Amino acid sequence: MSLRGATTAVIRRELQLFAQRKSDWANPLMFFLIVCSLFPFAVGSESEKLKLIGIGVIFVGALLAAMLSLPKLFDEDARDGSLELMLASPEPLAALILARVAALSLALGIALSAVTPVFALFYALPFDVAAMLSLNVLMAVPTLLLVGSIAAALLVSARGGAILTAVLVLPLTIPTLIFGAGAALKVLYGESPAAELALQAAFMLLALALCPLAAAAALKISTD
Amino acid sequence: MSLRGATTAVIRRELQLFAQRKSDWANPLMFFLIVCSLFPFAVGSESEKLKLIGIGVIFVGALLAAMLSLPKLFDEDARDGSLELMLASPEPLAALILARVAALSLALGIALSAVTPVFALFYALPFDVAAMLSLNVLMAVPTLLLVGSIAAALLVSARGGAILTAVLVLPLTIPTLIFGAGAALKVLYGESPAAELALQAAFMLLALALCPLAAAAALKISTD
Amino acid sequence: MIWESWAAFWAMGGRGLFVWGSYGVLAFAVIAELVTLKRARTSALKALHEHHEH
Amino acid sequence: MARTESQSNDKFAGSWFWRYASPAAFFPLAGKLEKLCWALAAVLAAVGLYIGFFVAPTDAQQGEVYRVIFIHVPAAWMTMVIYMAMAFWAATGLVLGTRLSFMMSHALAPTGAIMAVVALVTGSLWGRPTWGTYWVWDARLTSTLILFFLYMGYMALAASFDDKKKGDRASALIALVGAINVPIIYFSVKWWNTLHQGSSVRPGSSSMAATMLTAMMIMTFAFWFYCVAAALHRLRTDIIERERNAAWLRDTLKAASQ
Amino acid sequence: MGGIQGARSVMRLVVEKLAAERGGRAVFADLSFVVEAGTLLRVSGANGAGKTTLLRILAGLAAAADGNAAWHANDDLVRPAEAACFVGHANAFNDALSVKENLAYAAALSGHNASSQNISLILDAFGMKAMINRSFGTLSQGQRKRCSLARLLLLDSDSASNSNGRGGRAWLLDEPFVALDVDTQAQLATVISAKLVAGGLVIYTSHQAVDIHAANTQEILL
Amino acid sequence: MGGIQGARSVMRLVVEKLAAERGGRAVFADLSFVVEAGTLLRVSGANGAGKTTLLRILAGLAAAADGNAAWHANDDLVRPAEAACFVGHANAFNDALSVKENLAYAAALSGHNASSQNISLILDAFGMKAMINRSFGTLSQGQRKRCSLARLLLLDSDSASNSNGRGGRAWLLDEPFVALDVDTQAQLATVISAKLVAGGLVIYTSHQAVDIHAANTQEILL
Ligand code: HEM
Ligand SMILES: Nc1ncnc2c1ncn2[C@@H]1O[C@H](COP(=O)(O)OP(=O)(O)OP(=O)(O)O)[C@@H](O)[C@H]1O
Ligand SMILES: Nc1ncnc2c1ncn2[C@@H]1O[C@H](COP(=O)(O)OP(=O)(O)OP(=O)(O)O)[C@@H](O)[C@H]1O
Ligand SMILES: [Mg+2]
Ligand SMILES: [Mg+2]
């Protein structure tokens, strides 16, 4: 009952912040858009080449956009002291973190996967590939944010070797990337993407189960 | 005399900070590394494919890495009030900004261009292309940071952080990207990259002449 | 009248989807802009009246 | 200390420009202008579309699909013209310190961005039947896309300031920086495009019948008036928001509602 | 709502041989004292003596190097997070959100259900009612401090423990008078006195001389 | 080094019909006063009255909505940045750098050439000499404040204007006593008195009652 109160409060606050500062979700979107449109300038405009890199660029772009909004999770709160409210709450920290990641995933995941098909167009990809990419972005963003929340929590005080944690955490997102881009590639080659999708979903559930607990532990470590 | 004193003080402080917090230059480097190593997972590892996209990925990665360190230019100073020291200095603000951008460019430009050849090898690019890429990264990073300092100065008192900076700056860096990647491509195709290099240099000089002034104006606007 | 029939007009030589799609997008954009303009004005006036009442 | 508006007004007292540079004098004038522009836009659009669809003949090469031109080209032109106008008012604002200039810039931006979207989408829809693809990385198309980004950056920046006065000057500066960059970007993209020889297709090749040209020109004027009207409306809303403490606004609105 | 059953909670703090380190240097060591409900404890000492460090340890926000500090509610051991409220230099408000949104969030997080009336009532007590919808970032230094204190009261007021006048959670106040104007300083002193009379336990640090009316006072010099 | 020729500089501040706005709301309006060298001006007022806003305008760090504030050095108009030093809530020290590095940077930026001795001498005066190589982020609240004050003295001390006892730049101190322990508060009061005796001009705000010995005092209530 009170746990529900606390988690809804976390989500409500997150949404209030999104409403207050549209830039929180609009800017990652613009970043994604711009990253996707930079590559042709560097690679060339032949549509054969573009088709080749399109899936990769779009997927990596979405992951980077999500990764860049990770600092929003705890940094500002740590600076103004709000993080201590969360730590001092009688409710389980992992649940509160999960609520916060959920709000961010929802906003960001939906926004990014909604514009993905447009970029697929820029890279001369067919419609079914675009749809598959979009679905995979929707699944990958929450996974990445969940895994990333551990890093974000560790980085709050930046005492525990900021770089080391980034190096440790980022490789964990590679499966997401492989399965996500793989599913779209399968569709491009006319094969069934079922295996990749299943693995992607499994990976997401695993992250959902483990990451909030790990992030809670990390947060406690880094605020000592 | 006193101007020299002030600018060397700015540069010295910047270097002291780099020494103190290795993450300031190690993080952009890590980001670069991650971007460069993510693409093969999404695109596949055939060396023909990789060669095609290598130049683009490396160049875009370097630009993004540089761009993400832009908030470092003024944000922390604005938060702790040090920015007011700079604004209240009797020396011309543009010169102080230039000193600061120069220090960052030096550290970042050298670091990024030093690791560029390594990645070029990952992407199966020949040595001469790798060298040309490295040279171009060295020229592109200062240009980007100069142009970006305007956006960073404007954003000091706004919310939006790293990502809004990207939205403002990236479209303005397209010429740098085109000439930089273009020069490397020319070398790859066995042609002379002289024209691209000349244009790149011209663009850099233009940025050197105009951007510090614009950034000084921007800083005055946003702190007024 | 350069068209043989209304049907021919709507068909646009088999490219109706693209032609009317374009005009549709324009119409959507214009209507959306007009609606937001109107809304912004209404809320500005409302805020103004509230302000004057205080 | 920053130049205040009253100071600059004193300095230039008497000239017509400064009379209308104050929101109080401009507000009613803009109201009249706005109405006129809406009416002209509607009439010209009706005439232009009539000529475009019922007088202009079928194109010999493209068939009927070319009729997209009546909106595509005006939108493409407007997005560029509006960016220039925006940068002009931004510069005016920075130099003279007049609030109204900044407000003009803000009022123009959303319409400019919408025009960019219309140009991009209608162009894509035209490209599919003529080029067989929705998008090519042609210089003109690509620079329109970048222009759209510049609009978005400008608006995002203006919106990210709590302090409107700061937001005014900050976004004006970025508009100017963008304006200096637009030609540089255009030429480098063009140069890039020839380097890669990617798309052999690009707009602007076929010759046009006189009636087509007439319809296109009339539609262009209709777009002009539409954009001016929309910008003026937005400007007046902005004035209402910012001048809520001013007595003249109260009086003007009261007079208008009676 | 955790370990404290309001109706009977009488707080008690027992500190034994507590030692603290910051950055490898000992700040203080071998500190032992007991504080009973209804007592006002002032922690004093020169700048850098370790007052903030001590309060953060008592609030469970930092770890002790040695010894321990235990909170008891009616002789039951309770977690520091449940036993005490800490108000320090960082104000724990988000700059972009309004005062009200911030307060509602803090209340919900600590398991309270702050009604709108409640919030505006408490803000009114600190002369901040007119600013209830202002975003926190636009407030002056003293107005921010007032908001922090309003949160303290809010988290106290509707907890069952306080309604029957038996103390509630202990208050740990690090320099609570800083940035407040003279009237508000006096007002805060009154609020603290009331808390003590109700059986509460208050520990504070201050370099300012402000009279607080209290029946039992204790002082520690670090 | 700009407009002030130390040897003869006698500061004077003339404020005429000054008005300030924050976030579209008027904070104060129609404020006029004159402050002569050797005078201590206290700006008082409740929380949110606009004290910080006023000091920032005088320091040239914020723009006035109307009216103007002019600094004169021997009847020559000088820029606020050259005329005054502002010490506010934000302490203008970088957390990662050492106290010494921070001070050397500040001195160089404002055209001074602070020697190591000079720095450690001034730090010693505020009991901070032992922490000269500590990174600023590890200091306690009061230690930070002491560093800000040390910077103030540093930028004053080796400017030509002060060496012959004629004032130097005006000081604008926003709540300078906050976070300082009692001894240091008294010490700061002495430093301010000395500045005034030397012909300096000091404007400050404070909610704390600290006695400052001064021949000429003025007060503004916002
Ligand atoms: C700066 C922006 C643009 C301008 C000034 C512009 C102008 C024009 C003009 C004048 C024509 C008529 C050419 C003719 O047939 O004589 C045209 C045709 C066309 N435009 Fe654009 N346009 C712009 C942007 C775009 C964009 C962004 C797209 C696509 C997304 C696009 C797609 C097309 C297509 C497909 C045609 C017909 C192609 C053809 O006739 O071969 N244009 N444009
Ligand atoms: N960014 C802002 N936007 C809107 N209003 C602001 C902003 N900053 C300050 N204010 C308001 O301006 C007024 C004056 O603030 P200021 O900080 O000058 O007060 P002060 O006298 O220094 O108060 P204190 O004693 O609390 O430090 C306050 O009412 C405050 O709420
Ligand atoms: N992160 C840190 N690393 C190293 N030393 C620290 C750190 N934080 C604080 N210290 C040191 O620990 C000591 C105690 O600090 P604390 O903040 O508790 O002092 P305080 O009594 O609250 O002082 P004040 O009256 O100035 O607020 C100080 O000497 C300080 O320099
Ligand atoms: Mg302390
Ligand atoms: Mg203040």
Side-chain angles (χ1 to χ4, degrees), chain B residues 1-27 71-100 103 156-159 216-217 219-224, chain F residues 1-4 21-22 55-65 78-98 100-114 133-138 144 147-148 151-152 154-155 159 169 172 174:
Chain B
M1 184 53 228
S2 177
L3 174 62
R4 210 167 82 208
T7 50
T8 49
V10 170
I11 292 178
R12 181 165 357 99
R13 174 166 182 265
E14 223 56 19
L15 299 181
Q16 283 166 345
L17 277 172
F18 278 128
Q20 199 71 31
R21 302 192 292 210
K22 311 217 167 29
S23 59
D24 273 9
W25 50 268
N27 278 347
K72 242 166 248 149
L73 270 182
F74 306 117
D75 272 15
E76 192 182 15
D77 275 23
R79 220 177 302 126
D80 70 21
S82 308
L83 203 57
E84 288 171 2
L85 288 181
M86 225 162 103
L87 289 166
S89 167
E91 311 309 328
L93 187 56
L96 302 179
I97 293 178
L98 184 60
R100 183 160 265 201
V156 154
S157 62
R159 310 173 203 297
L219 208 53
K220 278 186 187 136
I221 287 173
S222 64
T223 51
D224 118 315
Chain F
M1 217 213 86
I4 309 182
E21 271 181 14
R22 296 304 306 260
L55 260 59
R56 287 180 59 85
I57 292 175
L58 296 183
L61 295 171
V78 285
R79 289 195 305 127
E82 284 162 15
C85 276
F86 175 73
V87 177
H89 297 291
N91 37 42
F93 277 70
N94 185 299
D95 276 359
L97 295 180
S98 73
K100 185 177 173 177
E101 286 165 345
N102 269 305
L103 287 176
Y105 171 69
L109 262 198
S110 56
H112 292 74
N113 193 356
N133 287 319
R134 281 267 289 278
S135 46
F136 188 75
T138 68
R144 286 166 198 229
C147 290
S148 307
R151 185 183 52 224
L152 188 70
L154 183 69
L155 299 193
S159 78
R169 290 207 268 175
L172 303 176
D174 195 13

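Fair warning: this is a prediction, and the values are worked out from it, not measured in the lab. In what follows, chains carry the letters A, B, and so on, assigned in the order in which the sequence lines appear, proteins first and then strands, with residues in each chain numbered from 1.
Atom CZ of F:Arg56 and atom CD of B:Glu84 lie 4.5 Å apart (nearest 0.5 Å). Here CG of B:Asp80 is found 8.5 Å from CZ of F:Phe136. Values are rounded to the nearest 0.5 Å. Distance check, rounded to the nearest 0.5 Å: CD of B:Gln16 to OH of F:Tyr105 gives 10.5 Å. The CG atom of F:Asp95 sits 7.0 Å away from the CD atom of B:Glu76 when rounded to the nearest 0.5 Å. Rounding to the nearest 0.5 Å places CG of B:Leu85 at 8.0 Å from CG of F:Leu155.
When the candidates B:Val10, B:Leu87, B:Leu83, B:Asp77 are compared by the number of heavy-atom contacts under 4.5 Å with chain F, B:Val10 comes out ahead. Of the residues considered (F:Ala96, F:Ser98, F:Ala92), F:Ala92 shows the highest number of contacts with chain B, using heavy-atom pairs under 4.5 Å. Annotation: maximal heavy-atom pairing with chain B below 4.5 Å, among F:Asn94, F:Asn102, F:Leu97, occurs at F:Asn94.
Nearest heavy atom pair, residue F:Ala108 against residue B:Ala9, reads CB-CB, 3.2 Å. Between B:Ser82 and F:Phe93, the shortest heavy-atom contact is OG-N, 4.0 Å.
Remark: side-chain polar atoms of B:Ser89 are paired, donor with acceptor, to backbone N or O of F:Leu109 under 3.5 angstrom.
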